[in-house]
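Before any comments, here is the structure.
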Amino acid sequence: MISAFINQIPVPKDIPLPLPMPEWVLIVVLVFSFLVHILFINLMIGSSILTFWYEIRGKKNNDFDRLAREIAATITVNKSLAVVFGVAPLLSINVLYTLYFYSANALTGNIWISIVPWVAVSFLLFYLHKYSWDRLSDNKPLHLSILGVGILSFLFIPFIFLTNINLMLFPEKWGEINGFFEAMTLPNVFPRYFHFITASMAITGFFLAWWFGRKQFKTEGVFNNLSKNWIRKQMLNLALIATGMQFIFGPLLFLTLPSQGITWTLFWVIMGGVTIAIIVMVQLWKLLNDEGHLLGKRFFIVAGMFVLLVAFMGTGRHLYRESTLQTHKEMMAERTAAHWEAVRLAHENLLLPPVDGDVAIAVPGQNLFQTNCAVCHAANTRLVGPAMAEVAQIYKDNLEGLKKWIKEPGRKRLDYPAMTGFPHLSDQQLTEVSKYLLQEQWND
Amino acid sequence: MDFPLFHLDFMGNRMLVAVIAITHVIINHALAVGFAPLVTLLEFRGYLKHKTNPEEGKAWDEMARKLLFIAFIVTTTAGALTGVGIWFAASLANPASLGSLIRVFYFAWFTEWIIFVLEVVFIMIYFLTWKKSGESSLNKKKHILFGLWLSIFSWLTMAIIVAILGFMMDPGSWVEKKSLFTGVLNPLYIPQLLFRTPVAMMMAGTVGLMISAYVLKKNNKWRNEILRYISFWILLWMPVAAAGAFLYYWHIPRAMIGNLPVALGTQQFQDWYGSLVIVAIVVVAIGFTIGILGTIAPRRLPKHLLIIPVIASFLFLGTFERLREFIRKPYVIGEYMYANGILVEEYPLYQQTGILMHTPYSAITEITEENKVAAGEAVFTIACSRCHTTHGISSVVRKFERMYASKEPLNAEAMKTYIKSMHNVRHYMPPFPGNDAELDALAEFVAHQQKRPRKLDGPQVKGVDVKEIVYEINKTDK
């Protein structure tokens, strides 16, 4: 037996129930469903920013206003899917990282729960913006501010999630932070954030290039001068630039990661991702210079590369989480085992403090009285109910009456609350407790 | 205990969960479960009329679309978010129990989620393709079919949620059977479903009627007929809802006899149970009046008073929702985990050695004269704060004052005796989980709080104290 001494790191016990599925299945579900969720989140955030941008440009050129409107239409679907697809990863992270996730949630609780009304209100703002487009066409400042408030919310809400996901990785910080804003300033939250926003722009650009490039999408009757090709190019440009910027934010994120979770495997997985990112850049570049074939075979190759890239990054993210928490998970497992050993000892009454050698209770009924009645009745003073010395007088020669009262008390003293009944006591128990009540010398 | 315990000292954690949950249930029943079939029916009606009189068909179709528009906006914002919000709130209020429940119910919730995804997908298709569907008769038929699917999935979502809730209300079944089906077998399940379904329809009718009365212009030729149709919908569902309510009402005490010790058949429950009848009669009366008036003379419907049946039908549901408050038990998972998040099996350990030494989230291990009040606060947080606040809703101080019927300084000794066996006399509370020194500290804390009220901030505001826990690693286990 050795004693472990832990320095200010909270080591709670784990939940003593088995996982509902093998751990690896849950991890696959988590990583996959999370990526689907985040894809729609990316599209929702990226499209809302682009809507804003084109609507402003639309003040001069009406075509851009229409483009903004087309982009806004995609948000309705993407944001709803973002929410529903968030449930599966939420469930899975709750199961896999219960102790970590819930602790982080509690430590940032006020802001964490504010996500609910906040997201609901920002969604409402987006609807208001979308459905007031015509009505507010001559009041663009107002129309744009509705959108602006919605976007600001969208830009802030990811902080709440990132802060929680980051905080859960560092139990050693749990005792140090007071509330959400301190947790937000832990290193690594901001680099994660910029990485995420830039990814949103890249993915949205790529998605919209496809969206506006589809055969079904007709520019006639929608735009005066904008051509399909021009839009696609703009969007691909955005994707290219944003992907390029990840070469700044990515390393920044990697370098600010607290070192305890960095392993060689992680490094190689990330490098794999980086390699694919370079290929994506090159292909995007070629695609841009390939007039006329913007949606050809190459486009779908790039799409496949993107999926691969995201899969690598998602895996890296998971590996980092696992290796950061590894030591703590082990400590927690040890503590849990030790705890259940102690519970076992307690069940054998081995941990009881020494008893003063009180005499065993002799009178039957006294025990019943102590556990059931003493809560509300004392010998000589009023507690919840009247003093025993007083009521024992009432039933002096009326054992049956007393039993009846205990079983189903009536209502007598109006300045007292009602007494609870004891219909679950057996007749014998009722007799015993009543006898005790009547025989005991309450006035001593 | 094993989590920092989020705490709202004014509204209490339970209230937070309740507010979010009730909002969700109302939106779900009125604007999803009941609305989907109502809107589909109106659209179908428009489709039939379209054959003889295209203009009239269009008017019906347009009204149905506008109703769906509102439902779409509300369900995809407040509806969806409160649904997820129940999780967020419940995991803050009682992390240990949600963490355990999720391990037991992972599949149930996963299934629920898939149905929820389908529901959202259908409502989006149904709403977003509405305008296009008018292009041809075939498209319209397909579109109406989507409405039907949406109705089915909305109803299924509700049916599953009720099963999960029913399961949680049923003590002991998990420990014995470890299967979700016991939830469906809960004696209240079928009555609940028979109650909720028509009530949802009725709620949707009242909301639909109110919105239509505002949206349809007075000069709209088909205004009266549409209003009459929706009124008739209410009128049709009214008796079914009343019968469902009666069935449910009749089942409650019978189903609960096994559940709650009769000692608990407190005044509050009796009052509530008695008031159900009155509420039911009032709501049914209002529903019938509006339904009949709207069916006979839709022109006479007082537009601005149509909010009354809406509120009444919401109250109807809300009143019945209170049932859950009375079936509350000391357990969150029957005979396995108490509502304070502590396992039944762990109790002997904590009662023998004290609970504070086992939590990483309190700096105190040994209770002394100096740290007594602080220790009491920590004990309160672990043992009582999931259900009580210091001075807000369900305040311990006031509970004690009310119980002793006096505002005099509380007597620590009396409180100690009470807390020690409170689970025997108030079956909804779990036993006190600590040792005598901790009991002493807790009583001291309550007494102190009465003298000098001070808000008890949760860890989301003041952070947590963390201590080193010494534990022994049993090498033989490795």
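Please read these numbers as outputs of a predicted model, since none were measured by experiment. The chains referred to below are lettered A, B, ... by the order of the sequence lines, with proteins before strands, and numbering in each begins at 1.
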- [ ] Under 4.5 Å, counting heavy-atom pairs only, tell me which of A:Ser92, A:Ala73, A:Ala88 racks up the most with chain B.
- [x] A:Ala88
- [ ] For each of A:Gly175, A:Gly179, A:Ala106, tally heavy-atom pairs with chain B at distances under 4.5 Å, and name the one with the top tally.
- [x] A:Ala106
Task: Residue part contacting chain A, namely of B:Glu345, when any heavy atom lies under 4.5 Å - done: both
TODO: Step by step, work out the side chain to side chain contact (heavy atoms under 4.5 Å, CB included) result for B:Leu81 and A:Trp118.
DONE: CA-CA 9 Å; B:Leu81 267 300; A:Trp118 201 351; over 6 Å; no
TODO: Name the option with the most non-hydrogen atom pairs under 4.5 Å to chain A; the candidates are B:Trp113, B:Phe116, B:Tyr361.
DONE: B:Trp113
Open item on the list: Within the structure provided, determine whether A:Asn105 and B:Phe88 are in side-chain contact (heavy-atom separation under 4.5 Å).
Closed with: no
Open item on the list: Between A:Thr381 and chain B, with a heavy-atom cut-off of 4.5 Å, which part of the residue counts as in contact: side chain, backbone, both or neither?
Closed with: neither
- [ ] Go through the steps for B:Tyr106 and A:Val29 under the test side chain to side chain contact (heavy atoms under 4.5 Å, CB included), then give the verdict.
- [x] CA-CA 12 Å; B:Tyr106 188 79; A:Val29 173; 3.9 Å; yes
Open item on the list: Need one label for B:Val464: side chain, backbone, both or neither, based on atoms under 4.5 Å from any heavy atom in chain A.
Closed with: both
Open item on the list: Contact between B:Glu119 and A:Val84 at the side-chain level, heavy atoms closer than 4.5 Å - yes or no?
Closed with: no
Task: A:Val116 versus B:Gly85, closest heavy-atom pair with distance - done: CG2-CA, 3.5 Å
Open item on the list: I need the A:Asn110 CG to B:Leu8 CG distance, nearest 0.5 Å.
Closed with: 6.5 Å
- [ ] Sort out for me which of B:Val74, B:Val117, B:Val461 touches chain A most, counting heavy-atom pairs under 4.5 Å.
- [x] B:Val461
Task: CH2 on A:Trp112 to CG on B:Leu92, rounded to 0.5 Å - done: 8.5 Å
Task: Residue B:Met1 versus chain A: region with a heavy atom under 4.5 Å - done: side chain
- [ ] Can you tell which part of A:Thr371 gets under 4.5 Å to a heavy atom of chain B, answering side chain, backbone, both or neither?
- [x] both
Task: Any side-chain heavy-atom pair of B:Ile73 and A:Tyr131 under 4.5 Å - done: yes
Open item on the list: Which heavy atom of B:Met403 sits nearest to which heavy atom of A:Val384, and what is that distance?
Closed with: CG-CG2, 3.5 Å
Open item on the list: Are the side chains of A:Arg382 and B:Tyr404 in contact, using a 4.5 Å heavy-atom criterion?
Closed with: no
Open item on the list: I need the residue from A:Leu124, A:Leu107, A:Ile111, A:Val83 with the largest number of non-hydrogen atom pairs under 4.5 Å to chain B.
Closed with: A:Leu107
TODO: Can you tell which part of B:Leu128 gets under 4.5 Å to a heavy atom of chain A, answering side chain, backbone, both or neither?
DONE: side chain
Task: Contacting region of A:Thr76 [heavy-atom separation from chain B under 4.5 Å] - done: both
Task: Interatomic spacing from OH in A:Tyr102 to CG in B:Asn94 - rounded to 0.5 Å - done: 10.5 Å
- [ ] Nearest 0.5 Å please: distance from the CG atom of A:Leu345 over to the CG atom of B:Leu349.
- [x] 9.0 Å
- [ ] Measure distances from B:Phe127 to the heavy atoms of chain A and classify the residue's part below 4.5 Å as side chain, backbone, both or neither.
- [x] side chain
TODO: Could you grab the distance from atom CG of A:Leu91 to atom CZ of B:Phe107, nearest 0.5 Å is fine?
DONE: 11.5 Å
Using a 3.5 Å cut-off and no angle test, enumerate the donor-acceptor pairs between side-chain atoms of residues 10-23 of chain A and protein atoms at least two apart in sequence or in another chain.
unit_1, atom_1, unit_2, atom_2, d
A:Lys13, NZ, B:Asp2, OD1, 3.3
A:Lys13, NZ, B:Asp2, OD2, 3.0
A:Lys13, NZ, B:Tyr350, OH, 2.9

Open item on the list: Counting only heavy atoms from other residues, nucleotides and ligands, does the tally under 6.0 Å from NZ of B:Lys132 exceed 12?
Closed with: no
Task: Region of A:Val121 that comes under 4.5 Å of a non-hydrogen atom in chain B - done: neither
Open item on the list: With a 4.5 Å cut-off on side-chain heavy atoms, are B:Trp87 and A:Val87 touching?
Closed with: no
Open item on the list: Using a 4.5 angstrom heavy-atom cutoff, name the option from B:Ser91, B:Ala80, B:Ala89 with the most pairs to chain A.
Closed with: B:Ser91
Open item on the list: With heavy-atom distances below 4.5 Å as the criterion, would you say the side chains of B:Gln460 and A:Asn178 are in contact?
Closed with: no
Task: Heavy-atom neighbours of A:Phe32 CZ exceed 12 at 6.0 Å - done: no
TODO: Measure the spacing between CD of B:Glu413 and CG of A:Leu383 and express it to the nearest 0.5 Å.
DONE: 11.0 Å
Open item on the list: Could you report the tightest heavy-atom contact between B:Pro348 and A:Ala346, atom names first, then the distance?
Closed with: C-CB, 3.9 Å
- [ ] Indicate whether the side chain of A:His339 and that of B:Glu346 have a donor and an acceptor atom separated by less than 3.5 Å.
- [x] yes
Task: Part of B:Leu343 within contact of chain A (heavy atom distance under 4.5 Å) - done: side chain
TODO: Find the one option among A:Cys376, A:Ser103, A:Gly385, A:Pro409 whose heavy-atom pairs under 4.5 Å with chain B are most numerous.
DONE: A:Ser103
Task: Side chain / backbone / both / neither for A:Ala378 at chain B, heavy atoms under 4.5 Å - done: neither
TODO: Under 4.5 Å, counting heavy-atom pairs only, tell me which of B:Thr82, B:Thr417, B:Val84, B:Ile102 racks up the most with chain A.
DONE: B:Ile102
Open item on the list: Do B:His358 and A:Arg335 have side chains that approach each other closer than 4.5 Å (heavy atoms only, starting at C-beta)?
Closed with: yes
- [ ] Under 4.5 Å heavy-atom distance to chain B, tell me which part of A:Leu90 shows up: side chain, backbone, both or neither.
- [x] side chain
- [ ] Could you check if a side-chain atom of B:Val466 sits within less than 4.5 angstrom of a side-chain atom of A:Ile9, using non-hydrogen atoms only?
- [x] no
- [ ] Please state whether the side chain, the backbone, both or neither of B:Val120 comes within less than 4.5 Å of a heavy atom of chain A.
- [x] side chain
Task: A:Lys130 atom NZ, neighbour heavy-atom count above 12 within 6.0 Å - done: yes
Task: Heavy atoms of other groups near B:Lys416 NZ, more than 12 under 6.0 Å - done: yes
Open item on the list: With chain A as the partner, which of B:Pro360, B:Ala414, B:Gly83, B:Ala96 has the greatest number of non-hydrogen pairs under 4.5 Å?
Closed with: B:Pro360
Open item on the list: Can you tell me which portion of B:Met124 sits under 4.5 Å from chain A's heavy atoms? Options are side chain, backbone, both or neither.
Closed with: side chain
